[in-house]
Chemist: 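I have a structure I would like to understand better, so I am pasting it below and will then ask my questions one at a time.
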Amino acid sequence: MALTSSLHSLKISTSSNTQFLHGTTPLSLFSKPNFTPQNPSFLCLPPIRAMKTMQGRVVCSTNDKTVAVEVVRLDTHPKYRRRVRKKKKYQAHDPDNKFKVGDLVQLEISKPISKTKSFLAVAVPPRTRSKKVEAAAAASGDAGGDDNELGIPLESQQQQQA
């Protein structure tokens, strides 16, 4: 009985000074898609630019002026928090058909060439060997890198010597 009397004693004000009636709160402005804040301080920040180049291996070069490049990146697993490899294939423009399967290429963003091609394949310069590695290779007599590394002759070389 006391509960019902206290509920009747409460009055909900329906005056216009209540901001929370009929969705007139300042927060309801944020839900509208064309909302622009009065103080756009966060709009002056420099834009975040996505990755412009990627490296990958050519996995298919059968199409004319197009190569399929597989890019491998490391990402954390959402549940186990372990770094896992993630692969994705991109179609890239190869105007001279100079890349073969297994070549290492660099993908550069360009204007869309077709529905699936928006990258340009560029050759990656070969890695230079460090001076320490070159000195060690020269000392062991392995200057070209084509000889066997262990110094053990192959079976074909043994037959030629006999």
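Quick note: residue numbers are just sequence positions, from 1. As the structure is a computational prediction, the values presented were derived from the model and not from experiment.
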Chemist: Are side-chain heavy atoms of K86 and V72 found at a separation under 4.5 Å?
Modeler: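 The answer is no, as the side chains (C-beta and beyond) never meet within the 4.5 Å cut-off.
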
Chemist: What I'd like to find out is whether the side chain of E70 reaches to under 4.5 Å of the side chain of Y90, using heavy atoms alone.
Modeler: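 No. Closest side-chain heavy atoms not under 4.5 Å.
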
Chemist: Is M54 reachable from V67 through a run of hydrophobic residues whose side-chain heavy atoms are each under 4.5 Å from the next?
Modeler: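 The answer is yes; both residues are in one hydrophobic cluster.
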
Chemist: Can you confirm whether T53 sits close enough to E108 that some side-chain heavy atom of one is under 4.5 Å from a side-chain heavy atom of the other?
Modeler: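 Contact flag for T53/E108 side chains = yes.
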
Chemist: Would a 4.5 Å heavy-atom cut-off, applied to side chains only, mark R83 and D75 as touching?
Modeler: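 The answer is no, as the side chains (C-beta and beyond) never meet within the 4.5 Å cut-off.
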
Chemist: Flag yes if F99 and L120 sit in one hydrophobic cluster, no otherwise; membership is Ile, Leu, Val, Met, Phe, Trp, Tyr, and two members link when side-chain heavy atoms are under 4.5 Å apart.
Modeler: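 Different hydrophobic clusters.
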
Chemist: To the nearest 0.5 Å, what is the distance between NZ (K117) and CG (N63)?
Modeler: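 Spacing of NZ (K117) from CG (N63) equals 8.5 Å.
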
Chemist: When you measure from the side chain of R57 to the backbone N and O of G102, does any donor-acceptor pair fall under 3.5 Å?
Modeler: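 Confirmed, R57 side chain pairs with G102 backbone.
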
Chemist: Are L107 and Q55 side-chain neighbours, meaning at least one heavy-atom pair lies under 4.5 Å?
Modeler: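 Side-chain contact under 4.5 Å: no.
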
Chemist: When you measure from the side chain of N97 to the backbone N and O of K65, does any donor-acceptor pair fall under 3.5 Å?
Modeler: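 It does hold such a pair.
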
Chemist: At what distance, to the nearest 0.5 angstrom, does CD of Q91 lie from SG of C60?
Modeler: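 Here the interatomic distance stands at 7.5 Å.
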
Chemist: Would you say V124 ends up clustered with F119 if hydrophobic residues are merged whenever their side chains have heavy atoms under 4.5 Å apart, either directly or through other cluster members?
Modeler: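 No, F119 and V124 fall in different hydrophobic clusters.
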
Chemist: Does a donor on one side chain and an acceptor on the other come within less than 3.5 Å for K111 and S118?
Modeler: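 No, because no side-chain N or O of K111 sits under 3.5 Å from a partner of the opposite role on S118.
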
